[in-house]
Structure formats: structure tokens, C-alpha cells
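All remarks here apply to the structure that follows.
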2 protein chains.
Amino acid sequence: MTTTPRCGPYICGIDAAMDVVSGKWKGLILWELAEHEVRRFAELRRGLPGVSEKMLTQHLREMEQDGLVHREVYAEVPPRVEYSLTEHGRSLNEALAPLGDWGRERIRRERADLVDHADAEAMPRP
Amino acid sequence: MTTTPRCGPYICGIDAAMDVVSGKWKGLILWELAEHEVRRFAELRRGLPGVSEKMLTQHLREMEQDGLVHREVYAEVPPRVEYSLTEHGRSLNEALAPLGDWGRERIRRERADLVDHADAEAMPRP
DNA sequence: CTGTATCCCTTCCGATACTG
DNA sequence: CAGTATCGGAAGGGATACAG
């Protein structure tokens with residue numbers, strides 16, 4: 001046995017967390033809401049270049065079902081809806097931080113490799 | 001600005017890490033290899049109940065491409081292949097630990113809720 | 001402004017059969 | 001033992017149009 005077994009028989013906590021985070025934009029949504037505390041629908045849309053209304057809505061609803069996001073609707077016209085992280089969502093974001101660091105480190109390394117290759121190809125002879 | 005911005009413009013480290021971990025069995029593969037250091041193909045297969053040979057092979061190859069897994073082939077008959085984590089793979093596993101903890105906590109809470117509901121339904125009257 | 005509804009394409013994955 | 005090949009269903013996601 002290792003110091004801290006992280007998986008029970010047949011079920012791994014990683015999978016349970018993945019269920020909730022997998023989806024093309026959920027990581028970014030989490031990040032946007034962690035950064036800004038409160039965001040309106042159109043603000044999130046602008047913060048996630050390329051997302052469609054359909055996917056943004058769908059992901060937000062799923063995250064609401066999963067207890068990560070709070071949705072506050074104001075009965076006004078034009079309508080206004082504000083999204084924010086729940087305590088549960090904030091804790092997920094914290095648990096995600098080391099993975100984000102790892103990913104950025106990975107990107108950094110990839111870019112360094114590309115630069116190395118480019119340099120090697122750029123000077124084939126003296 | 002927060003204390004430690006984790007995302008640059010347009011690209012988030014979370015996504016870079018997700019790219020590498022997304023896949024139905026990759027989390028479990030990582031876990032198996034972290035637990036056992038070295039595993040043969042058939043051992044992994046047994047450790048991942050339900051996985052098909054196709055998906056196990058495919059995921060292992062992708063993880064090898066991504067530099068997470070080392071594949072050692074022994075020229076014997078019958079053939080023997082041993083899989084293990086690279087340093088890179090181990091660092092990913094460590095970055096995943098908090099997420100695993102979060103997921104297990106989530107499972108625990110869900111089960112507690114289920115029990116509560118069951119109890120509430122189990123004793124409708126004295 | 002904040003969504004729904006629909007169509008359609010791509011990717012993911014399981015099942016099965018076959019190979020060195 | 002450790003794969004490869006192929007098929008087909010299911011799920012994810014984009015584009016577009018429409019609605020309250």
C-alpha cells in the first residue's frame with residue numbers, strides 16, 4: 001500500500017471528478033468564474049472565444065446540476081442572468097490548480113522543443 | 001489580478017492537461033501504473049475491468065506518444081511487454097492527486113445523500 | 001439579452017474476428 | 001501473450017434558425 005491510496009476498488013476519484021469537468025469548455029468556464037466571481041452570459045461568451053450559445057448554455061446547466069455553479073435570474077427586461085461559483089465549484093477549482101500548472105509547464109516545454117528544432121533547421125551549415 | 005494567474009490569453013493549462021488525460025480509461029491506467037510501478041499488458045487488462053484490448057492498446061500508445069508512459073518490449077516467446085510511468089507521467093499523477101481527493105469526497109457526499117433519502121423514505125411513520 | 005430547437009458531422013468507444 | 005483490423009452504434013459538439 002502507498003502512503004495515501006486514492007482509489008477504492010473499481011471506482012476512482014479521478015473519474016468522478018472528470019465526469020464533472022469533461023466537456024470542451026468547462027475548464028475555461030471554471031476559470032472565468034474563478035477570476036471574475038460573477039459573470040453574465042454574454043460576458044462568459046466573450047471570455048470563451050469560439051464557444052457556441054448552445055454549448056455554453058448546456059455546460060452551464062450541467063455544472064449547475066452538479067452543484068458547481070449558481071445561476072441567478074433577474075426578472076427584468078432585457079433579461080439578466082448572473083453566474084457564479086458555488087463553494088463546491090471553488091473547491092474544484094482549487095483541486096484543479098496543480099493540473100493547470102502541470103499543463104502550462106507542458107506547453108512551455110513543447111514550445112521550447114519547437115524553438116530548438118527551428119534553430120537546428122535554421123542553421124544547417126556555417 | 002488574483003494571486004497566481006493560471007491561464008494565459010486563449011490557452012489554459014487545464015486544457016493542455018485534459019488533452020492528455022481525457023479518454024475513458026487513462027485516469028485508471030495512470031493510477032494502475034503509479035500503484036504498481038511496472039505492469040504487463042494482461043495485468044493492466046485485469047486491473048481495468050471492462051476495458052477492451054483495442055482501447056487499452058490505443059490509450060497506452062497515446063500516452064506513450066505524450067511522454068507519460070514507457071513501453072519496454074522483450075524479444076521473447078511468448079512476447080512480454082512492460083509498461084511503466086515516465087518521470088513526466090509521475091509528475092502528472094501528482095498533479096492529479098488533489099483532483100482525485102476532490103472526486104472521492106464528492107462520491108462520499110453523494111452516498112451520504114442517498115442514505116439520507118433512503119432513511120427518509122424508509123420510515124414514513126412510527 | 002438569454003436562451004431553444006434542429007440538423008448533421010465527427011470522434012469515441014465496444015464487439016468481434018484475426019495474427020505473429 | 002500482445003496485439004491489429006474492421007464495423008457500427010452512441011455521444012459530443014458546431015452551425016443555423018427561431019423565441020421570450
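Naming: A, B, ... by sequence-line order, numbering from 1 per chain.
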Review point. With a non-hydrogen cut-off below 4.0 angstrom, is A:Arg40 in contact with a base, only sugar-phosphate, or nothing?
Key: sugar-phosphate

Check your understanding: Side chains of B:Leu96 and A:Trp102: closer than 4.5 Å at any heavy-atom pair?
Key -> no

Taking distance alone, no hydrogens or angles, what donor-acceptor pairs closer than 3.5 Å link side-chain atoms of residues 43-51 of chain B to residues at least two apart or in another chain?
from	atom 1	to	atom 2	distance (Å)
B:Glu43	OE1	B:Arg40	N	2.7
B:Arg45	NH1	B:Val51	O	3.2

What does the list of N/O pairs under 3.5 Å between the protein and nucleotides 4-12 of chain D look like, with a distance for each?
from	atom 1	to	atom 2	distance (Å)
D:dT4	OP1	B:Arg61	NH1	3.2

Output a table of donor-acceptor pairs, distance under 3.5 Å, between side-chain atoms of residues 70-80 of chain A and any protein atom two or more places apart or on a different chain; print 'none' if there are none.
from	atom 1	to	atom 2	distance (Å)
A:His70	NE2	A:Glu72	OE1	2.7
A:Arg71	NE	A:Tyr83	OH	3.2
A:Tyr74	OH	A:Glu82	OE1	3.2
A:Glu76	OE1	A:Arg80	NE	3.4
A:Glu76	OE2	A:Arg80	NH2	3.0
A:Arg80	NH1	A:Glu82	OE2	3.0

Point to revise | Spatial distance of atom CH2 (A:Trp31) from atom CG (A:Asn93) [nearest 0.5 Å] | key: 7.5 Å

Point to revise | Basic-acidic side-chain contact under 4.0 Å: A:Glu94, A:Arg90 | key: no

**Study point:** Those residues that, when tested against B:Arg108, pass side-chain hydrogen bond (donor to acceptor under 3.5 Å, both in side chains) (two or more places apart)
**Key:** B:Glu105

Check your understanding: Are OP1 or OP2 of C:dC12 and a side-chain N or O of B:His59 less than 4.0 angstrom apart?
Key -> no

Check your understanding: Tell me the salt bridge (charged side-chain N to carboxylate O under 4.0 Å, His left out) pairs involving residues 16-28 of chain A, sequence neighbours left out?
Key -> A:Lys26-A:Glu62

**Study point:** Sub-4.5 Å side-chain heavy-atom contact between B:His88 and B:Asp66
**Key:** no

**Study point:** Close residues, residues 74-83 of chain A, relative to DNA chain C [heavy-atom separation under 4.0 Å]
**Key:** A:Pro78, A:Pro79, A:Val81, A:Tyr83

